[in-house]
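Right, one structure below, let's go through it.
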Amino acid sequence: MSLNLGVYKIPCKGCNKFYIGESGRDLSIRVKEHKSALIKGNTNNALALHNLNTNHDINFKDTSLLFHCNNLKVRRIIEAAYINSNSCNTLNLNSGFFNLNNHVSHLIIDSIM
């Protein structure tokens, strides 16, 4: 059985924004954790905070795996590249574990597509 782990995207139903994350666990488990944070109103969770601030519903049904990867460092680099290259539309509370400039972010994303 292959696990869905890597870099993922969770969209908002009420606007064109989305959350980018990475996980070394199966995506279904990570989505359950995001749903739990939303129910609890956890303001340390970007999706819960967006829901509290806008009353928008999160579109967990359309969660997608952007990049499958087992390696933690690679996942974190790819996550930071996606966050940076979509900074106007992301709900993320930070830019990830790596501070990448826009040019490098686009080069990374283009190289994996």
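Starting from 1, each residue takes its place in the sequence as its number.
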[X]: partners by side chain to side chain contact (heavy atoms under 4.5 Å, CB included), with sequence neighbours left out:
X	answer
Val104	Leu100, Asn101, Ile108
Lys35	Val31, Phe60
Leu107	His103
His56	Cys12, Cys15, His50, Thr54

Any side-chain heavy-atom pair from [X] and [Y] closer than 4.5 angstrom?
X	Y	answer
Ile109	Ser85	yes
Phe18	Leu91	no
Leu38	Asn45	no
Phe98	Asn84	no
Leu27	Leu5	no
Leu66	Tyr82	yes

Check side chain to side chain donor-acceptor pair (under 3.5 Å) between [X] and all other residues, then give those that pass, not counting sequence neighbours.
X	value
Tyr8	Arg30, His34
Asn59	Asp62
Asn102	His106
Ser28	Asp26

Requested in this report: Would you give the length of the straight line joining atom OG of Ser111 to atom CD1 of Ile78, rounded to the nearest 0.5 angstrom?
Outcome: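 Atom-to-atom, Ser111:OG and Ile78:CD1 are 6.0 Å apart.
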
Query raised in the report: What distance separates Asn92 CG from Ile83 CD1, expressed to the nearest 0.5 Å?
Result: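 Taking CG in Asn92 and CD1 in Ile83, the distance rounds to 4.0 Å.
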
**Report entry** Closest non-hydrogen atom pair between Ala48 and Gly41, with its separation
**Finding:**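 Scanning both residues, the minimum pair turns out to be CB-C, 4.4 Å.
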
Report task. Specify the closest pair of heavy atoms between Ala80 and Ser105, including all atoms of both residues, with the distance to one decimal. Result ->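 Taking every non-hydrogen atom into account, O-OG, 4.3 Å.
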
Query - Pairs meeting criterion salt bridge (Lys or Arg N to Asp or Glu O under 4.0 Å) with involvement of residues 68-96, two or more places apart - result: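 Passing the test, one end in residues 68-96: Glu22-Arg75, Glu22-Arg76.
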
Cluster companions of [X] among Ile, Leu, Val, Met, Phe, Trp, Tyr (side-chain spacing under 4.5 Å):
X	result
Leu72	none
Leu52	none
Leu49	Leu93

Query raised in the report: Hey, is the main chain of Leu47 close enough, under 3.5 Å, to the side chain of Asn51 for a donor-acceptor pair?
Result: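 Pair absent, no side-chain N/O of Asn51 close to backbone of Leu47.
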
**Report entry** Any donor-acceptor N/O pair, Asn86 side chain to Asn89 backbone, under 3.5 Å
**Finding:**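 No; zero donor-acceptor contacts below 3.5 Å.
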
Query raised in the report: Within a reach of under 6.0 Å around CG of Asn53, are more than 12 heavy atoms found that belong to other residues, nucleotides or ligands?
Result: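 Yes, the 6.0 Å shell around CG holds more than 12 heavy atoms from other groups.
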
Report task. Check whether more than 12 heavy atoms from other residues, nucleotides or ligands sit under 6.0 Å from atom CG of Asn94, and answer yes or no. Result ->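 Yes.
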
Query raised in the report: Out of curiosity, does Leu65 fall in the hydrophobic cluster containing Ile112 (side-chain heavy atoms, cut-off under 4.5 Å, transitive links)?
Result: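 Looking at the clustering, Leu65 is in a separate group from Ile112.
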
Query raised in the report: Are Phe67 and Met113 connected in a single hydrophobic cluster, I mean Ile/Leu/Val/Met/Phe/Trp/Tyr linked by side-chain heavy atoms less than 4.5 Å apart?
Result: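 Same hydrophobic cluster.
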
